[in-house]
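Just follow the structure's listing: the first ligand is 1, and inside any ligand the first atom is 1. Only heavy atoms go into these numbers, but all of them, side chains included; no hydrogens, no water, no symmetry mates. This is a predicted model, so every value here is computed, not measured.
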Amino acid sequence: MEVNAVRGFNDILAPEIERWRILEEYARQVLEEFGFSEIRVPILEKAKLFSRSIGEETDIVEKETYTFEDRGGDLVTMRPEATASIVRAYIEHKMYAAEPMAKLYSIGPMFRHERPQKGRFRQFHQINAEVFGISHPMIDAEVMAIVIHYLSLVGAADYNLQINSLGCRRCRLPYKKDLQVFLTDRLPQLCGDCRRRMERNPLRAFDCKKPGCQEVMTEAPHVADYLCSECTEHFKGVQYYLEVLDVPFTINPRMVRGLDYYTKTSFEVIAGGLGAQNAVAGGGRYDRLVEELGGPDIPGIGFAIGMERLLLTLPKRRPSVDLALFIAALGEEPQKEAFSLSYKLNRSGVRTMIDYEGRSLKAQMRRADKFGARFVLIIGEDEQRSGKSILRDMKKKKQEEVPLHTIFEEITRRLGGGSP
Ligand code: HAM
């Protein structure tokens, strides 16, 4: 019986894989230019890391994590995001000891048991970046500018940066109370989840996708109207520095994000043409999280870009064909020669292919064409005897004789390779 992949988990095949590698290479380049260094954190963490950081009463933790007891009886979770793990590592390795400021990035798979649809998968990939130790709104603007710079560099066109401020503990308290009063007055219109979460986490109602709740929330008070003076100043600063960097944005006072750890700045990049799952990136400030997870009082801010969603927004490139040479060999001795020559050429960086099956010349030429070879080298027994071979330029559709004993030098000269 055929065994297929798990629903929502995808293989990434050639030539699509090329697009992934380009996204990853640009991400490394941009983030390293801006002073980030790479961190690789495990895929499996203790379950309580996510319930304590993302929040017990979020959709992610309540409904979407892959959480199970391992064989030793420990409750573990396959990471649904990277921020919590990076914060854990930052604390665990006391990265703050000599200098609290740290800029870390990570690229890799995340796991959420959501209903798969366009742009939503159960295993998906994020480019994730976090900055620790800076409270100044300049860094908020810089982090957002990096996302926008990266998106335009990889060719994204139709997107919009939306920002909001979620305030701090001080301004959140009176806001939470008012929001609870507002929701209590509309209890019958709310879904079971929103009613249940109302007591401890009323903000989650903004995130609810049920039409009844969405309608109620259009009238709900906004946290931005409750900001304390420090948060107001900070949010003004963020906007000011975004303008300094020429980054266009819109304020979305209803954006609360699906994770509880955010304070002050939160943001999302919304792309056109993605349908319901239209956020290609999301992020924000989490000034309490390091302390809440057992570290010192150090602020943080970061973002994650969803790679599958970003790829959906980018134009499909024609896969580039970069097979340099196909060696068509006819007969046992020529095939041996082709075999060893192709090994040497591949080792020196000239992508070369041979036919292992001893097919006819016509069939081998067809394969060379199918794999998009730039040149074909034909070695038959006659050619081998006379010390010659035929090199055919598939683009110019011309061929010429070249001496067999200089073939390696000849090909590397024409195609550009190093020493074997
Ligand atoms: P998030 O908004 O949950 O934030 O995810 C960030 C991005 O990951 C989303 O904008 C989306 O592009 C992508 N994404 C999320 N879920 C899925 C899915 N099921 N399928 C495909 N793509 C998905 C975070 O994860 C935060 N850790 C971001 C952050 C970093 N905040 C501060 N630092």
Side-chain angles (χ1 to χ4, degrees), residues 7-10 12 23 27 31 36 39 41 45 49-50 53-55 58-61 63-66 78-90 102-132 134 139-140 143-144 146-147 150-151 156 159-164 166 204 207 209 252 255-271 274-290 299-314:
R7 190 163 123 85
F9 287 62
N10 297 311
I12 306 168
L23 285 196
L31 288 165
F36 287 78
I39 178 169
V41 285
E45 296 274 4
L49 174 67
F50 301 110
S53 54
I54 297 173
T58 54
D59 277 354
I60 298 180
V61 170
K63 305 177 188 168
E64 296 166 5
T65 53
Y66 283 84
M78 287 165 76
R79 62 179 188 198
E81 60 117 43
T83 311
S85 305
I86 295 175
V87 171
R88 179 202 47 70
Y90 177 76
K103 290 177 162 184
L104 304 170
Y105 80 89
S106 197
I107 302 174
M110 309 294 152
F111 306 87
R112 297 185 194 175
H113 195 276
E114 297 188 81
R115 196 171 50 78
Q117 60 180 82
K118 183 181 173 193
R120 191 162 74 187
F121 308 97
R122 291 180 172 170
Q123 174 176 309
F124 60 97
H125 298 75
Q126 286 184 344
I127 297 161
N128 201 99
E130 313 292 347
V131 180
F132 295 95
I134 307 175
I139 196 71
D140 305 43
V143 157
M144 288 184 251
I146 292 172
V147 178
Y150 172 74
L151 293 179
Y159 56 82
N160 168 243
L161 171 66
Q162 301 193 352
I163 66 168
N164 193 19
L166 298 174
R204 292 273 63 88
D207 236 17
K209 301 287 174 292
N252 177 357
M255 189 220 307
V256 294
R257 312 262 306 118
L259 309 97
D260 280 355
Y261 50 62
Y262 292 113
T263 53
K264 294 184 178 159
T265 314
S266 68
F267 61 91
E268 277 181 356
V269 179
I270 305 299
L274 276 185
Q277 307 306 320
N278 60 0
V280 275
R285 189 167 265 291
Y286 46 86
D287 289 348
R288 310 283 322 135
L289 189 58
V290 177
I301 179 164
F303 65 80
I305 298 171
M307 295 181 71
E308 283 81 357
R309 285 193 202 167
L310 175 55
L311 282 167
L312 281 171
T313 71
L314 298 180

Shortest non-hydrogen contact from [X] to [Y]?
X    : Y    : answer
R122 : R7   : CD-O, 3.4 Å
A102 : Y90  : CB-CE1, 3.9 Å
F36  : E130 : CE2-O, 3.6 Å

Proximity of [X] to ligand 1 by residue part, where a heavy atom lies under 4.0 Å:
X    : result
P80  : neither
R112 : side chain
L259 : side chain
Y262 : side chain
R257 : side chain
Y261 : side chain

Is the shortest distance from a heavy atom of E130 to ligand 1 less than 4.0 Å?
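Under 4.0 Å: yes for E130.
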Is there a heavy atom of G258 sitting under 4.0 angstrom from any atom of ligand 1?
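Under 4.0 Å: no for G258.
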Nearest to [atom], what protein heavy atom do you find, and at what distance?
atom                    : value
atom 10 (O) of ligand 1 : A279 O, 3.2 Å
atom 20 (N) of ligand 1 : F121 N, 3.0 Å
atom 19 (N) of ligand 1 : E114 OE2, 2.7 Å
atom 21 (C) of ligand 1 : G119 O, 3.3 Å
atom 30 (C) of ligand 1 : T83 OG1, 3.0 Å

Once side chain to side chain donor-acceptor pair (under 3.5 Å) is applied, do any residues pair with R288, and if so which ones, sequence neighbours excluded?
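Expected list: E291.
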Output all residues satisfying side chain to side chain donor-acceptor pair (under 3.5 Å) with E308, sequence neighbours left out; order by chain, then residue number.
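By the side chain to side chain donor-acceptor pair (under 3.5 Å) rule, E308 matches H125.
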Is a salt bridge present between R204 and D59, judged by a nitrogen-to-oxygen distance below 4.0 Å?
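D59 and R204: not salt-bridged.
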Taking N or O atoms only and a 3.5 Å limit, does [X] qualify as a polar contact for ligand 1?
X    : answer
V280 : yes
Q126 : yes
R120 : no
E268 : no

Without swapping roles, check the side chain of [X] against the backbone of [Y] for a donor-acceptor pair under 3.5 Å.
X    : Y    : result
K209 : D207 : yes
R112 : I60  : no
N164 : M255 : yes

Between T83 and Y261, is any side-chain donor less than 3.5 angstrom from a side-chain acceptor?
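The criterion, which ignores hydrogens and geometry beyond distance, is satisfied for Y261 and T83.
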